[in-house]
Amino acid sequence: MNYSSDRRGVALVTGTSGGIGGAIALHLARQGWDLALFDQTAPPPALLDKLDEHGTHIHAVTADLCDEAAIPGAVEQCLERLGPVDCLVNNAGLTAQIAPLEKITSDAWQQELTVNLSAPLRLIQAVIPSMRQRQWGRIVNISSMAARGGLYQQTGYAATKTGLLGLTRNVALECARDGITCNAILPGLVETPAVRNMPPLIMNDTVSLVPARRLGKPDEIAALAGFLCSNEAGFINGAEIDIDGGARLCPVVLGSQRAIAERHALASGGISPSDA
C-alpha cells in the first residue's frame, strides 16, 4: 500500500494522555495519519488543539484496557468513524505495584498483565484481519529497558514488558508474509511529568547510570515510532530497538577515578544532569 503525500491512513495509539503517547500521536499527525486515540481518560485539550493544526481526523475512545472484552467493539468504532486501522501503536502501560517479590498481590499482578500484555494482544488480534486483506500494516509495541534487565521491586512491570517482546516476535513471524511489520521500542527513563515527579534521589541516581547523562525526550521515542510506521521501515520486522542513552550498557568504570567521582556527585545531587 502506498499512501498519498496528503494522508497516510489510520493509526490507533493507546495511552495518549501520557507524555510519550501524546508525543507519538502528534508525530504521526505531522506525518499525515488520521488518529484513533485510546485511553482511560479523554485526550488533553492541549493535545487535541495541536492535532487540529495538522487537519487530523480524530476519534477518541475512552477505554479501560483492563476490560479485554470491550476491545473489539472499540476497534470496530474506529473502523466505522475513520476506516480500517493501518498502524497500531501499543503504548499504554502501567506499574500497578512497587513491592518486594513476595508481597506482590494477585490484583496488582493481574492488572499489569492485562494492560501491559493482554490488551496489546487483543488489539493486535482486532486489527490484523483487515491488515492482511490490504497486505500492509504496522504494529509498534512500546516495551521498556526493564524487559532487558528487570526492574528492582517492579516484577509485574518487568515481566509483562518482557512478554511484550515475545508477542512482537511471534506477530512478525506469523504476519510478515502479509506485508505487516511488528517491532518493539525499549525506552529508558523518559522525561514525562510522572518521571519529573520522582524523588530527586532516585532521579539523580538513575541519570548517573546513563552514559548520556540525561533523560530521554518523548519526541525521541515518537520519532522512532513514526519511522517504524512508515513505508521506508518495511523490511524492519521483529526488531527490539533500545532508546535509552546507553543505559543498558555496563556502568562499571575501571579506568577512571574522575569518572566515578563525577557519577557519584551526580547521583547525590551535587551536579545537575545537564552539567554532567
Side-chain angles (χ1 to χ4, degrees), residues 11-15 18 20-21 24 38 63 65-69 71-72 75 85-98 101 104-132 136-190 216 221 224-225 227-229 233-244 247-249:
L12 191 164
V13 185
T14 66
I20 294 176
I24 291 172
F38 275 42
L65 293 181
C66 282
D67 184 3
E68 293 182 55
I71 289 175
V75 174
V85 173
D86 302 286
C87 169
L88 167 64
V89 182
N90 281 312
N91 167 72
L94 62 79
T95 299
Q97 187 173 33
I98 299 176
L101 183 68
I104 297 171
T105 67
S106 295
D107 287 346
W109 173 263
Q110 191 59 52
Q111 189 177 11
E112 287 177 309
L113 181 63
T114 302
V115 174
N116 296 350
L117 188 54
S118 296
L121 168 64
R122 300 306 177 202
L123 284 160
I124 290 169
Q125 289 176 320
V127 303
I128 280 289
S130 64
M131 288 181 177
R132 287 191 194 275
W136 200 98
R138 298 288 183 266
I139 299 168
V140 179
N141 294 323
I142 307 299
S143 181
S144 166
M145 64 180 291
R148 299 278 196 216
L151 197 57
Y152 184 72
Q153 292 194 351
Q154 294 188 40
T155 300
Y157 182 81
T160 52
K161 290 298 186 179
T162 302
L164 197 56
L165 299 184
L167 176 61
T168 299
R169 296 167 194 151
N170 264 60
V171 174
L173 284 169
E174 294 186 31
C175 301
R177 70 194 67 184
D178 295 310
I180 299 166
T181 68
C182 185
N183 296 291
I185 296 175
L186 287 72
L189 202 63
V190 177
I221 313 301
L224 177 55
F227 174 68
L228 292 175
C229 292
F235 206 54
I236 302 174
N237 217 341
E240 301 162 7
I241 305 175
D242 302 278
I243 181 164
D244 59 7
R248 69 196 177 282
L249 305 175

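In this text, all values refer to a predicted model and were calculated from it rather than measured experimentally.
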Nearest atoms (heavy-atom pairs only) where [X] meets [Y]:
X	Y	value
Val140	Cys229	CG2-SG, 3.9 Å
Ala158	Gly150	CB-CA, 3.9 Å
Ala239	Asn183	N-OD1, 2.8 Å
Pro187	Ser143	CD-O, 3.4 Å

Would Arg122 and Glu68 count as a side chain to side chain contact (heavy atoms under 4.5 Å, CB included) if you check the C-alpha gap in whole Å, the side-chain angles of each, and the deciding distance to 0.1 Å? CA-CA 7 Å; Arg122 300 306 177 202; Glu68 293 182 55; 2.8 Å; yes
Looking only at the side chains, is there a donor atom on one of Thr168 and Asn141 sitting less than 3.5 Å from an acceptor on the other?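 Indeed, the side chains of Thr168 and Asn141 share at least one donor-acceptor pair under 3.5 Å.
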Could you go through Leu164 and Thr162, starting from their C-alpha distance and side-chain angles, then the distance that decides it, and tell me whether this counts as side chain to side chain contact (heavy atoms under 4.5 Å, CB included)? CA-CA 5 Å; Leu164 197 56; Thr162 302; over 6 Å; no
State, with a plain yes or no, whether a side-chain heavy atom of Ile124 is found less than 4.5 Å away from one of Asn90.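 Result yes, sub-4.5 Å side-chain heavy-atom pair found.
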[X] side chain to [Y] backbone, donor-acceptor under 3.5 Å:
X	Y	value
Ser144	Ala147	no
Ser130	Val127	yes
Asn91	Ile142	no
Asp86	Arg138	no
Lys161	Leu117	no

Might you work through the side chain to side chain contact (heavy atoms under 4.5 Å, CB included) test for Asn116 and Leu94, ending with a clear yes or no? CA-CA 7 Å; Asn116 296 350; Leu94 62 79; 4.3 Å; yes
Let me know which of Glu112, Gln97, Gln154, Gln153 forms a side chain to side chain contact (heavy atoms under 4.5 Å, CB included) with Ile104.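 Testing Ile104 for a side chain to side chain contact (heavy atoms under 4.5 Å, CB included) against Glu112, Gln97, Gln154, Gln153 leaves exactly one candidate, Gln97.
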Ionic contact status for Asp242 with Arg148, cut-off 4.0 Å: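 Looking at Asp242 together with Arg148, the answer is yes, because their closest N to O distance falls below 4.0 Å.
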